Every structure is written in C-alpha cells, then in structure tokens.
There are 2 protein chains.
Amino acid sequence: MITPGSSDAIRVAVSAVIFSLRSGANGDRLMLPLVRRTRDPYLDAWALPGGWLDPAEDLDAAASRTLAETTALTPSYLEQLYTFGDVDRSPTRVVSIIYWALLRSDLVDAQRSAAGAPENVEWFDVDDLPPLAFDHRRIAEYALWRLRNKVGYSWIGAGLLPDEFTLTELREVYETVLGRRLDPSNFRRLLEGSDELVPTESFRTGKHRPARLFRLAEKA
Amino acid sequence: MITPGSSDAIRVAVSAVIFSLRSGANGDRLMLPLVRRTRDPYLDAWALPGGWLDPAEDLDAAASRTLAETTALTPSYLEQLYTFGDVDRSPTRVVSIIYWALLRSDLVDAQRSAAGAPENVEWFDVDDLPPLAFDHRRIAEYALWRLRNKVGYSWIGAGLLPDEFTLTELREVYETVLGRRLDPSNFRRLLEGSDELVPTESFRTGKHRPARLFRLAEKA
DNA sequence: GCAAAAGTGTTAGAAATACACCCATGC
DNA sequence: GCATGGGTGTATTTCTAACACTTTTGC
C-alpha cells in the first residue's frame with residue numbers, strides 16, 4: 001500500500017511509439033525515435049517521446065503535440081494503442097496513454113535538414129533498441145506487434161511512403177515490416193483487388209521499365 | 001480554453017462494459033448491466049458501472065473491483081478496451097479507461113438469488129439500450145463491435161457459457177452474438193480443428209440423442 | 001416407428017500460394 | 001541484344017460455405 005501523502009494524485013501522461021523507415025546499412029530499416037531523459041527518474045536513459053496531458057487538451061491532440069515536439073511533423077497514421085497504469089511502473093503514480101504513429105519517410109528527412117534535428121532525440125532500429133526507461137521496452141514491443149499485425153490485413157503500410165509510390169516500393173515496405181519475402185505477383189493481385197489503393201497515370205522512370213505509381217484512395 | 005480554477009486536475013475513472021447472456025422473450029439475448037446514477041451530472045440516468053481509480057490500484061484490479069461492485073462476480077474474460085478522454089465528454093475533466101468483460105451466464109443467475117440483486121442495477125438488451133449518461137452510448141457500441149469482431153476469430157464466446165457445454169449450445173451463443181445463423185457441421189469442423197476446445201467424456205442427456213460436452217483447454 | 005437433435009461426408013467455390021513466362025526500358 | 005526489374009497468366013493447394021445424409025436417443 002502507498003501511504004497517502006501530501007499528494008496521492010494520479011497524473012496522466014501521453015506518449016507515442018513513432019515508426020518510420022530510414023535507410024540503414026542494408027536497405028531501409030524500421031526505426032523509432034527515442035528521447036534522452038533530462039530528469040530523474042531514469043535520468044539520461046532513453047524513453048518514448050511524451051508529456052503530461054494538458055487539462056484542456058483532447059487525448060489525440062496531446063499525442064499529436066507530443067509527436068510534433070520530437071519530429072515537428074504530422075503523422076500519416078495515428079491510433080491509440082493501450083493505457084498502461086500499473087502502480088509500480090513509475091515511482092509516482094502515472095497513467096500513460098500510449099499512441100502509435102507512422103511517419104512518411106520523405107517528410108522526416110525533409111524536416112531533419114530544415115528545422116535542425118531536435119536535441120536529445122535519436123532514431124533506433126526496432127530490432128536493436130537500447131535499454132529503456134520505465135516499462136517503455138514492453139510498450140515499444142507491444143506497439144511493434146500491433147503494427148505487424150495491422151500490416152497483415154490492411155494497406156496502412158503505405159503511410160510509411162510518400163504520396164505516390166510504385167508497387168515494388170510498397171512491397172518492400174511490407175517485407176521490411178513483416179520481416180519476410182512476399183511474392184511480387186501475388187502482392188500485386190492483392191493490391192488490385194483492393195479499393196484502398198488506386199493507380200495514377202504517372203510512372204517512375206529509372207534504370208529499367210518505368211513503374212506505375214499508386215496512391216492511397218481518398219477516404220469515402 | 002478552460003479557466004484554471006481551484007482544481008484543474010484530471011481525474012481518472014475506470015468503467016466496464018459487461019456482457020452476459022440472459023434468457024429473454026425468444027431465446028437468450030446478449031445483455032449488459034447498467035447503473036442508475038445517484039449524483040449530478042446526469043442524475044438518474046443510466047451509466048456503465050465504474051468508479052474512480054484508486055492511487056494504489058492497478059488498472060485491471062480497478063476494473064475487476066468495478067465489476068464486482070455491480071455483479072459480485074469475477075469475469076470469465078476481461079480486457080482493456082480503450083481510453084476515452086475528450087475534454088468535453090464530462091463537465092469536469094475525466095479520463096475514463098474502459099474495460100470489457102464476459103460473464104458466465106450460470107454464475108450470474110446464481111448470484112442473483114444469493115446476494116440479492118444490487119440496487120440501481122438493471123440488465124438491458126444490447127440492441128435496446130436506454131439513453132445513457134456521458135458518452136457511454138458510444139462506448140457501449142464500440143465494445144459491442146469489438147466483441148463481435150473477436151468472436152469472429154476466436155473461441156472467446158465460450159466465456160459466456162458454463163464450464164462444460166455442448167457444441168450446439170456454443171453455436172447458439174455465436175449465433176446470438178453475431179446475429180446470424182451458422183452451419184452446424186461447419187461450426188463443428190472449426191471447433192475440431194482448434195486446440196482451444198477439448199472434448200470431455202461426458203454427455204448431456206435430454207429429449208434426444210445425447211450430446212458430447214466440451215470445455216475450454218487449459219492455457220498452455 | 002417416428003420425430004428431433006447429434007454427428008458425418010461430399011462437393012463447389014473463393015482465396016492464398018507458388019512459379020513460369022512475357023514486356024519495356026537503359027545501356 | 002541483353003540484362004533487369006515491371007507486369008501477366010496459370011496450376012495447386014487451402015479454406016469456406018452449402019447441403020445431403022446417417023446415427024442415436026425419447027416417447
């Protein structure tokens with residue numbers, strides 16, 4: 001039991017697990033940004049970006065703000081993940097509402113050169129995370145599980161790419177996220193049977209036969 | 001903007017959407033318990049059972065307590081649903097962590113005759129809910145959507161039945177929850193291909209050919 | 001014996017998978 | 001023309017749905 005003190009109030013925080021593709025050693029890797037803590041507890045440890053919920057702020061807005069404070073960008077996808085609130089997850093009682101988000105790779109890079117990379121923020125490979133503060137390791141792994149799950153039955157993965165993309169680019173995103181090879185022709189069939197992705201009249205020219213560009217359909 | 005007053009604190013509540021099968025006019029119906037409010041706001045309106053999160057209590061424990069206070073029972077299934085926290089969902093700032101639960105029909109009835117039905121609690125057909133306080137209508141509908149969804153790909157529906165049940169009883173649960181007829185032989189095939197349900201050596205005798213009883217497998 | 005529910009078998013169609021092959025472009 | 005990635009076609013398997021049929025019990 002916690003002895004009631006001057007303040008037994010429960011504080012509400014909002015954090016986000018933000019995924020984006022960033023070029024690594026061998027091809028693109030799925031990565032997420034972490035923030036180095038500047039206070040106790042867990043001073044100097046890596047943690048998920050987040051902050052206190054403002055009393056005048058909706059939950060989604062708080063998640064967007066949190067995300068903007070670290071990346072200066074609006075996410076291409078944002079969804080509430082889960083609320084973590086075990087008594088012992090922090091020295092003081094904190095209930096953390098966690099969101100997960102996807103960022104378009106092209107915009108992340110654009111921001112980096114523009115506003116200048118924020119201090120204390122670094123991107124890490126999801127398969128090679130450093131030790132994390134609080135229960136953030138568990139949270140990050142749960143978010144990753146949810147992403148992989150959702151990618152298995154939706155076209156949400158397109159949120160990691162620019163507005164227009166080739167079929168191969170999209171397939172490579174799915175291969176990176178899922179960690180296995182996908183058959184190009186079957187992947188194409190799936191896409192063509194869906195009404196969430198639509199072909200454009202543009203083509204990407206490169207070394208070989210130009211590839212048709214696709215984009216996400218306008219929401220009905 | 002909210003003008004900061006003597007307390008701009010954010011309070012954390014935990015509520016539950018509790019489903020159970022109860023016999024109605026034509027067969028069993030999916031129902032949930034609501035509590036009549038005894039305070040403003042929404043005095044006398046129906047609301048989901050819930051209460052304030054205790055600073056020394058885990059979220060799951062708070063959900064169980066909430067559930068026990070209305071039904072005096074432990075759920076056969078309990079899962080966090082979503083956290084609702086819009087600024088305007090209540091006159092004061094309240095973040096509500098919602099759980100959803102399943103109750104075995106046999107135990108609910110046993111309790112009713114034992115402890116005596118709690119005051120101010122009534123069961124309602126999920127398809128015929130009264131006007132609800134706050135945003136509880138939306139919450140109840142979201143929980144129902146999640147239940148129907150999960151029933152579509154899992155054997156969670158067995159949580160609405162006693163320990164042992166016939167295949168037909170289970171199928172009828174699924175038909176009630178999903179609101180459509182299911183083919184008995186295909187339903188059997190699904191069950192037999194699963195390792196989550198195991199046959200027992202017992203049979204239910206009745207008017208006709210005895211039916212084998214099944215039960216949920218022990219968790220691995 | 002007969003009605004009713006338990007349980008089995010069979011077939012048709014849809015969807016996932018594997019893989020062979022043709023097409024258009026840069027060099 | 002040839003290497004390379006873009007794109008098409010097709011056979012195989014697996015899953016799902018529909019439904020005909022047999023078995024076992026109470027009365």
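None of the values given here were measured: they were computed from a predicted structure. Reminder, nothing fancy here: chain letters follow the sequence lines and each chain counts from 1.
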When you get a sec, tell me which of C:dA4, C:dA18, C:dT25 is the closest nucleotide to the side chain of A:N186? C:dA18
Counting side-chain heavy atoms from C-beta on, which of C:dA4, D:dA3, D:dG6 comes nearest to A:A211? D:dG6
Residues at least two apart in sequence or cross-chain that pass ring-ring contact (aromatic ring centres under 6.0 Å, His included) with A:F187, listed by chain then number, are A:W155, A:Y174
Can you tell me the distance, in whole Å, between the [atom1] atom of [X] and the [atom2] atom of [N]?
{"X": "B:D183", "N": "C:dA6", "atom1": "CG", "atom2": "C1'", "answer": "14 Å"}
{"X": "A:R181", "N": "C:dC19", "atom1": "CZ", "atom2": "C1'", "answer": "16 Å"}
{"X": "A:L190", "N": "C:dA16", "atom1": "CG", "atom2": "P", "answer": "6 Å"}
{"X": "A:R188", "N": "C:dC23", "atom1": "CZ", "atom2": "C1'", "answer": "12 Å"}
{"X": "A:K207", "N": "C:dC23", "atom1": "NZ", "atom2": "C1'", "answer": "19 Å"}
{"X": "A:L170", "N": "D:dG7", "atom1": "CG", "atom2": "C1'", "answer": "16 Å"}
{"X": "A:F187", "N": "C:dA18", "atom1": "CZ", "atom2": "C1'", "answer": "17 Å"}
{"X": "A:R189", "N": "C:dA14", "atom1": "CZ", "atom2": "C1'", "answer": "13 Å"}

NZ/NE/NH1/NH2 to OD/OE distance under 4.0 Å, A:R22 and A:D125: no
Is the shortest side-chain N to carboxylate O distance from A:R204 to A:E164 below 4.0 Å? no
Look only at the side chain of A:R212 and the backbone of A:T166, and say whether a donor-acceptor pair between them is shorter than 3.5 Å. no
Report yes or no: is the cationic atom of B:R36 (NZ for Lys, CZ for Arg) under 6.0 Å from the centre of the six-membered ring of B:W46, at an angle within 45° of the ring normal? yes
Establish, with yes or no, whether the OP1 or OP2 oxygen of D:dG6 is under 4.0 angstrom from a side-chain nitrogen or oxygen of A:T168. yes
Whether the side chain of [X] and the base of [N] hold a donor-acceptor pair under 3.5 Å is what I'd like checked.
{"X": "B:R212", "N": "D:dT23", "answer": "no"}
{"X": "A:S185", "N": "D:dG9", "answer": "yes"}
{"X": "B:R209", "N": "C:dA5", "answer": "no"}

Tell me which of A:G206 and B:F214 sits closer to the 5' end of DNA chain C, going by the nucleotide each one is nearest to. B:F214
